[in-house]
Structures are given as structure tokens and as C-alpha cells.
Amino acid sequence: MSKTSQQNSGTDANGVSVIHSQAHTSGLQQVPQLVPVSPGGGGKAVPPSKQGKKNSFVDRNSDEYRQRRERNNMAVKKSRLKSKQKAQDTLQRVNQLKEENERLEAKIKLLTKELSVLKDLFLEHAHNLADNVQPVGTETTTANPENNGQ
């Protein structure tokens with residue numbers, strides 16, 4: 001099975017190059033490929049919102065221009081204030097967390113001291129009990145005044 005293809009190219013009314021390819025041995029349909037034809041051979045794509053405004057002259061003294069500038073200036077101020085407020089809130093939160101961390105570290109130190117004191121008391125008490133307890137199997141006879149006369 002050979003895959004030979006034939007290509008015909010041309011330009012449509014919109015200045016777009018159309019390439020038609022046809023595969024001889026396969027049963028595939030023809031699909032036109034659109035290739036933009038630009039005089040410079042390439043470049044940046046222009047977003048649709050800017051295409052109509054590219055060649056239009058802007059009168060900087062017009063009311064519409066002044067209104068757009070004022071709206072833009074207000075939006076910029078609002079954005080900068082919002083950014084500044086967010087930075088202040090973050091700084092305040094950082095300070096709160098630092099203070100909380102210091103309080104928690106102080107509490108850890110206090111509880112560690114308390115644990116140490118209680119552990120020492122427990123060990124001292126356990127040691128005193130061990131000294132007072134007699135080993136199993138060793139009995140000492142003590143004179144019991146009630147049982148002596150029998």
C-alpha cells in the first residue's frame with residue numbers, strides 16, 4: 001500500500017492560503033488546511049479586542065477618552081489599595097502567630113518544669129517505699145503484746 005499524496009494550493013478571498021491534499025490510495029476525505037499568509041512571514045498574533053483599535057486615532061481631548069482614563073485611574077487606585085491592605089493583613093497575621101508561638105513555647109517550658117518536678121517526687125516516693133518494704137520470704141517476729149500470754 002503506497003501513500004502518495006497530491007497537494008494543490010491557492011489563496012482564497014480573505015488572503016488565507018488554502019492547501020488541499022489528496023491521498024490516492026486511502027479512502028480519506030479531503031481536508032483543507034488553512035495557513036495564514038502574512039507579508040512579513042510571521043509575527044505576533046493580535047488579540048481580537050485589539051484588532052479594531054490598532055489603526056484608530058485616539059483623540060486625547062475627547063470626553064470618552066477622559067472618562068476611560070478616569071475609570072482606569074480609579075481601578076488602578078482600588079487595585080493598589082487592595083494590594084496594600086492584603087499586605088498589612090498578612091503582616092498583622094504574622095505578628096499574631098509569632099505572639100501565639102511565644103506563648104505556647106513559654107507554656108511548654110512551664111509544663112516541662114512541672115513534669116520534671118512531679119517525676120522527681122514520684123521517684124523519691126517510690127525509692128522511699130522500696131526502702132520500707134521488706135523482701136518477700138523474710139519475716140521478722142515482733143512481739144505482739146496480745147499473743148504473748150497464750
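Values reported hereafter were calculated over all heavy atoms of this structure, with side chains retained and with hydrogens, waters and symmetry mates removed. What you see is a predicted model, and the numbers here were worked out from it, not measured in a lab.
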_Atom CD of residue position Q96 - does it have more than 12 heavy atoms of other residues, nucleotides or ligands inside 6.0 Å?_
yes
*Report the C-alpha separation of E100 and R103 in whole Å, then their side-chain angles, then the decisive distance to 0.1 Å, and conclude whether the side chain to side chain contact (heavy atoms under 4.5 Å, CB included) test is met.*
CA-CA 5 Å; E100 182 181 0; R103 282 194 308 269; 3.7 Å; yes
*Is any side-chain heavy atom of K77 less than 4.5 Å from a side-chain heavy atom of M74?*
no
*What distance separates E105 CD from T112 OG1, expressed to the nearest 0.5 Å?*
11.0 Å
*Nearest 0.5 Å please: distance from the CG atom of N73 over to the CZ atom of R71.*
11.5 Å
*Are L97 and R93 close enough that some pair of their side-chain heavy atoms sits under 4.5 Å apart?*
yes
*Please round to the nearest 0.5 Å and tell me the distance separating atom CG of L111 and atom OG of S116.*
12.5 Å
_Are there over 12 heavy-atom neighbours, none belonging to Q88, within less than 6.0 Å of that residue's CD?_
yes
_With rounding to the nearest 0.5 angstrom, report the CG to CD distance, L110 to E114._
6.5 Å
*asked:* Check whether T90 reaches the backbone of K86 with its side chain - one donor and one acceptor, N or O, closer than 3.5 Å.
replied: yes
*Is the number of heavy atoms from other residues, nucleotides or ligands under 6.0 Å of D63 CG greater than 12?*
no
*Any side-chain donor-acceptor pair under 3.5 Å between Q85 and D89?*
yes
